[in-house]
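Notes for the one structure printed next.
All values derive from a computational prediction rather than experimental measurement.
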Amino acid sequence: MSQELPKTYSPSETEERIYKLWLDSGYFSPENLPGERKEKFVSAIAPPNITGELHMGHALEVTLQDILIRMKRMQGYKTLWLPGLDHAGIAAQNKVEKQLAKEGLSRHDLGREKFIKRVQEWKEQYGGAILNQFKRIGISVDWSRLRYTMDEDYQKAVEYAFLKYHERGWIYQGERVINWCIRCSTSISDLEVNYVPEKAKLYYIKYGPFTLATVRPETKLGDTALAVHPDDERYKKYVGADLEVDSVDNSTPREEPPQIKKVKLKVVADESVDPEFGTGIIKVTPAHDLTDSEIGKRHDLPSVTIIDRHGKMNGNAGVRYEGMKTTHARELISKDLEELGLMEKVEDYDHNIGRCDRCNSVIEPLPSEQWFLKMNELAKLAIEAVAEKEVVLNPQRWEEPYLSWLKNIKDWNISRQLWWGHRLPVWFHEPKCIPRPGHEKEIEKCEEKKISTTKPTCKYCDAKYTQSGDVLDTWFSSALWPFATLGWPNEASKDLNEYYPTDFITSDRGILFLWQVRMIFSGKFFTKKAPFKNIFIHPTVLTKDGKRMSKSLGTGIDPLLLTEKYGTDALRFGLSYQTTGVQDMRFNEDVILMGKKFANKLWNIARYVLIKVGSDYRFEVDKTPKSTDKIVTKMAEVSSLISNNIEEYKFGEAAHLLYDFVWHDIADKYIEETKDKDDKNTHDTLAYLLVTSLKLLHPFMPFVTEEIWSKLPTNTERELLVISKWPS
RNA sequence: GGGCGGUUAGCUCAGUGGUAGAGCAUCUCAUUGACGUUGAGAGGGCCAUAGGUUCGAAUCCUAUACCGCCCACCA
């Protein structure tokens with residue numbers, strides 16, 4: 001019996017009901033899919049942060065991924081799309097710290113244990129929200145396999161990974177100059193530093209026979225050398241010399257006028273100095289500058305730390321400056337130098353300043369004891385995977401930045417001085433060994449440091465081990481995502497054996513290096529396989545004016561407001577329609593409106609066809625009519641083009657093609673031209689066009705197509721459109 | 001400094017060698033027929049600029065300009 005359709009399509013009355021239909025069917029889980037399915041198609045979601053709120057980039061990302069997944073499922077693949085959440089170490093910690101600040105508390109007021117509880121509460125309260133928002137977008141993920149990077153199993157996988165790297169000798173602890181965020185009080189990686197242009201001063205300071213420029217005169221107190229380019233003829237005669245130069249005496253009390261003090265500085269020659277810049281000579285502060293630290297290492301220079309972890313001058317800076325914030329010390333020392341006649345001039349200067357990606361505080365480069373992962377071998381694995389096409393980057397233009405980033409990679413600082421995250425499986429002997437009576441000599445064999453997933457004991461004494469307070473960089477755990485979610489490192493895991501390696505992953509370009517690269521080398525190292533075959537770097541959604549969409553800037557648009565206004569299918573179709581080969585997508589709401597109209601058009605085509613063919617007609621769910629009408633041939637051509645386009649991630653082309661064909665070829669032409677005809681051929685053709693269009697449009701507009709499908713009287717028992725056979 | 005995108009109608013963008021396209025906006029007509037969330041049609045473009053290749057260039061090449069992004073040692 002054909003049912004009378006309402007005049008217009010109403011998304012709000014449909015979407016929740018249809019999504020429930022899919023969930024109840026169980027078809028999002030691969031084992032519930034009907035028929036013999038030999039080939040698999042597997043993908044993991046980019047796990048959103050527990051801090052997360054749905055933004056337009058997410059909406060685009062999961063829509064595109066869903067289009068591909070839905071097509072594959074209809075094509076008969078045993079399809080798995082695995083959902084999950086990321087604990088988001090530093091981001092989540094900051095979020096909860098902000099929440100605490102509103103209560104007038106800091107994390108230190110709570111203590112580590114209680115603070116972690118607060119983060120867990122946060123996760124319970126808000127963490128799942130974004131997944132529910134994803135449901136509104138209609139994603140066809142297997143909810144029975146939901147994973148979280150802080151799941152017990154996942155934590156074990158992370159510790160196991162650390163141990164394995166350590167066994168290989170690739171994990172080491174060492175003091176390095178790293179990026180230190182004073183506010184977050186942790187080290188952060190190079191990728192988490194944003195360089196922001198700012199107005200600064202360039203100070204020209206006299207160093208004996210030279211004058212040289214700096215933006216940070218306060219670091220003068222930590223200078224241990226001067227450096228010039230080895231080929232610079234002007235300074236060749238000074239290279240190797242120990243110069244005695246006038247400097248400010250930092251032992252003079254602050255209240256007294258500044259005094260001159262002689263200091264000795266070695267002059268070294270180093271390639272990294274640009275002879276063209278300024279006076280062609282630089283001061284070297286190995287403790288407080290990343291480049292200077294490298295120079296210091298190359299020339300075996302002493303390193304004097306003068307700034308502490310709170311961004312204040314320490315004892316080495318002398319009583320005159322000790323305890324001052326760096327910015328205050330800068331004012332004082334430049335005044336002092338001026339008074340002593342050691343300041344030649346001060347100029348305005350446009351300068352890039354490093355700021356924390358998470359909290360926007362100024363980054364202070366500091367020497368600090370951190371844990372590192374050696375990247376040499378791992379980078380090779382990642383380079384190989386892409387060079388040999390084991391992993392294909394789409395669009396291809398990302399290959400070059402990918403490869404060159406890996407070729408210049410430095411060791412990865414994987415430790416963070418945070419409370420929220422995976423604690424390092426590293427244990428330290430408490431300061432003193434407690435000898436057992438009669439075994440005093442064995443103390444020498446005691447291990448100060450042990451790598452272990454469980455609390456170790458000492459064979460030789462009674463001292464206890466305490467676990468390192470550091471946690472791992474949040475990307476260390478995300479790097480394991482495609483296999484840890486499937487049960488790795490348990491080799492017997494059924495899912496791991498059946499669904500790994502995966503086929504596809506997609507993300508924004510912003511996390512290509514942070515995440516994608518690291519998944520690839522982790523996968524290659526731990527599983528000997530690339531974790532996926534294809535990466536699709538989807539466009540970044542910008543505002544209509546080309547600005548970044550950001551909640552704090554007030555330029556963000558909530559995708560869910562659009563689903564309410566236009567319907568989810570409209571949002572999905574509009575976003576797909578705008579996905580072309582470009583790297584930025586300026587979001588245009590008009591296109592969502594177009595999607596809404598298109599959904600309604602489709603609805604009315606169905607309405608027309610149902611009336612036209614009559615209530616006794618049975619729709620063939622999978623058959624091409626013997627019609628000679630040209631449109632039947634064209635429909636087949638369109639089907640095959642759509643399949644290819646989706647396969648090649650040309651979502652926009654596919655959407656354009658479907659729109660034009662359905663609206664203009666089917667509705668405007670074929671339907672108009674056959675209005676007077678009522679023969680079987682016309683009925684069969686109309687039915688075929690409708691059925692095929694519904695199938696092809698289903699990945700883009702799953703709700704309206706499934707809803708129409710449910711109203712068609714079919715020749716066989718009703719099956720859901722979501723598992724119907726893909727045309728061509 | 002190196003690299004990558006973009007520059008096409010008022011707006012947002014498709015189009016990659018063969019007579020300029022879509023959606024939205026504007027205007028005219030159709031007056032209820034599956035859909036007015038519609039149909040038919042119109043206006044509107046030196047396809048950033050300058051050279052080059054070609055029978056032919058929005059499309060390929062080379063420069064330049066502007067916008068945006070990424071990477072990097074900017075003292």
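- Among the heavy atoms of the strands lying under 4.0 Å from A:Tyr577 are primed sugar atoms or P, OP1, OP2 only; no base atom is included.
- A salt bridge links A:Lys236 to A:Glu233: at least one charged side-chain nitrogen sits closer than 4.0 Å to a carboxylate oxygen.
- Computed from coordinates, the A:Asn645 CG to B:G15 P distance equals 11 Å when rounded to whole Å.
- Checking the phosphate oxygens (OP1, OP2) of B:G39, a side-chain nitrogen or oxygen of A:Lys601 falls inside 4.0 Å.
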After noting the C-alpha distance and the side-chain angles of A:Tyr402 and A:Trp398, does the key distance pass the ring-ring contact (aromatic ring centres under 6.0 Å, His included) rule? CA-CA 6 Å; A:Tyr402 173 96; A:Trp398 291 105; over 10 Å; no
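- Nearest nucleotide to the side chain of A:His656, out of B:A14, B:U12, B:U37: B:A14.
- Distance, A:Phe598 CZ to B:G39 C1': 17 Å, rounded to whole Å.
- Using a 4.0 Å heavy-atom distance criterion, A:Asp274 is classed as a base contact.
- Checked against a 6.0 Å centroid threshold, the rings of A:Phe536 and A:Phe651 count as neighbours.
- With distances taken from any side-chain atom of A:Glu400 to the nucleotides B:G23, B:G3, B:A75, the minimum falls on B:G3.
- Within the nucleic acid shown, A:Val609 has no heavy atom closer than 4.0 Å to any nucleic acid atom.
- Interface remark: the A:Glu672 side chain does not form any donor-acceptor pair with the B:A40 base, using a distance-only criterion of under 3.5 Å.
- Regarding A:Met585, its CE atom lies at a distance of 15 Å from the P atom of B:U7, rounded to whole Å.
- Among the protein residues, A:Arg509 comes within range of the sugar-phosphate backbone only, with heavy atoms under 4.0 Å from sugar or phosphate atoms but none that close to a base.
- For A:Lys675 against B:A34, a side-chain N or O and a base N or O form a donor-acceptor pair under 3.5 Å.
- Around NZ of A:Lys680, the count of heavy atoms belonging to other residues, nucleotides or ligands within 6.0 Å does not exceed 12.
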